[in-house]
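Keep in mind it's a predicted model, so treat the numbers as computed, not measured. Letters A, B, ... are given to chains in the order of the sequence lines, protein chains preceding strands, and every chain is numbered from 1.
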There are 2 protein chains.
Amino acid sequence: MQDGRGDRQQPSPWAPAAQRDEQRTLKREAVLLTAVRSFNRHGFHATSLEQVAEALNITKPTIYYYFSSKDEILFECARRGLERIREVAAARRAPEETGLQRLTAIMRDYAIIMTEDFGQCVIRIGDHELSEASRQKQRALKREIDQTVRTVIEAGIRDGSIVDRDVRLLTFTITGALNWIAKWYEPGGRYPPEAVAEQCVGLLVDGLAPRAGSEGSPAGCPGQPESA
Amino acid sequence: MQDGRGDRQQPSPWAPAAQRDEQRTLKREAVLLTAVRSFNRHGFHATSLEQVAEALNITKPTIYYYFSSKDEILFECARRGLERIREVAAARRAPEETGLQRLTAIMRDYAIIMTEDFGQCVIRIGDHELSEASRQKQRALKREIDQTVRTVIEAGIRDGSIVDRDVRLLTFTITGALNWIAKWYEPGGRYPPEAVAEQCVGLLVDGLAPRAGSEGSPAGCPGQPESA
DNA sequence: CGGTGAATCTACCCGCGAGTATAGAATCGA
DNA sequence: TCGATTCTATACTCGCGGGTAGATTCACCG
């Protein structure tokens, strides 16, 4: 991972500089993971950094050696969750498939992210817990994701694979159903993440009312594309 | 003050006792309403009772004259929201209609409650903000609602008006989509509550994929009841 | 070994907000 | 008009937790 820096070809036996950096990264990571799990389980305010430190066998000032504030920790957790979503959403931007097919793929990945630590954090922690600055940054990330999803939905409406409804409300309803997974899902419970994703997406695509013809979702027979 | 309570038929001219009680109730109400709005807007922890008091042109001790703790205020707010949901859910328990018809009615009312102050409070305020005791009571209320909804869904699956899927996941997905309204809805925005409810429920019933036959929701032509 | 810097700890500060003690103002009953 | 009660305000306590100052330990390098 040499980025500009430290590219000195000097093969000193057991280069310690890189090790140091790696150690630091590893420890930051450990703090983040412990923190996000506590945030998710007990809530942000109910989690003191002392508790996090204790769980890591260190003390509070050590955490402040790696992070500048509790807000930074929370934001970094949320950022990772959002980053993951952004990736899967962006991965399906290319229009080789129908809008519904692309949206279905995004929804499925989205649902699974909601069962992960950093993904849950995005939903479980309220906006008001972040500082004003962090909240703004978070909003920007969310908007970007929202925009991507919306674009896919619009494409689906145009090609006839998605029902013609208000795009904004469509997006809210879908993301709501999926976001909610983060609230009730518990690892090791009766449903594996894939099953959750499968079922939720299936319901959103097919609807509550039984379809006349087939049983399964019409993923293979979308409305005929009629790109103007 | 005999707690057999105040049933003395004595019609004293302009019974002041009743007026007193009414005044007290009115003021409690005002505190609750101001508090819940601030909770919803700024979050529970970011709302101090001093702020609430200031908004009411009173001081903090006055609030404590009407409530015993901040937790009691929050719980009372949430309780009202849940109570409203419980009512609408229970109202549609009788099986004169198909399961889907009953569920649709519940969902619609549920969605509208999510646009109201106390309804929003139930969703926007995390479980961890309540005291242990209050949280337990809240859970009980939520479970009761959940159970009612689930029963309706099961009836719908039996009579064929609702797709045969895992009831638990079905419930989570539906409530998730509807609960999320509380997060993004803003009064005076572009969508009136009825429109929100209409669209969300419509999508959940019909699904994202266009239906072959009709355009609208098949509210009038549910799957033929086939009660064994 | 002795110095240098990274990493961690002990011991503290400090502000905020929930909750309270208590006194004073208004209201009512006689 | 005089208590008694209801209601509200002033002025406080107090604990919790975010954040910091400064000492200390340790690892490596010369």
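For B/F44, the ring pair (Phe, Tyr, Trp, His ring centres under 6.0 Å) partners at least two apart in sequence or on another chain are B/F39. Legend: residues meeting side chain to side chain contact (heavy atoms under 4.5 Å, CB included) with A/R124, ordered by chain and number and at least two apart, are A/N40, A/Q120. For B/E144, the salt bridge (Lys or Arg N to Asp or Glu O under 4.0 Å) partners are B/R86, not counting sequence neighbours.
Distance CG (B/L26) to P (D/dC7): 13 Å, rounded to an integer number of Å. A/R24 has its CZ atom 13 Å from the C1' atom of C/dG5, to the nearest Å. Atom CD1 in B/I63 sits about 10 Å away from atom P in D/dA9, given to the nearest Å. Atoms CD1 (A/I73) and C1' (D/dG19) sit 12 Å apart, rounded to a whole Å.
Side-chain contact of A/E72 with A/S68: a donor-acceptor pair under 3.5 Å is present, judged by distance alone. Defined by atom type and a distance below 3.5 Å, a donor-acceptor pair is present between the side-chain atoms of B/S131 and B/S134.
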Stepwise ring-ring contact (aromatic ring centres under 6.0 Å, His included) test for B/H128 and A/H42: CA-CA 6 Å; B/H128 307 294; A/H42 309 294; 7.1 Å; no
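For the segment residues 74-81 of chain A, no residue has any heavy atom less than 4.0 angstrom from an atom of DNA chain D.
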How does each nucleotide of nucleotides 8-24 of chain C score, in 5' to 3' order, for protein heavy atoms under 4.0 Å: base (B), sugar-phosphate only (S), or none (-)? BBBB-----SBBB----
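Screening residues 176-197 of chain A for salt bridge (Lys or Arg N to Asp or Glu O under 4.0 Å), with sequence neighbours left out, gives no hits.
For A/D117 and A/R80, the salt-bridge test fails: no basic side-chain N is under 4.0 Å from an acidic carboxylate O.
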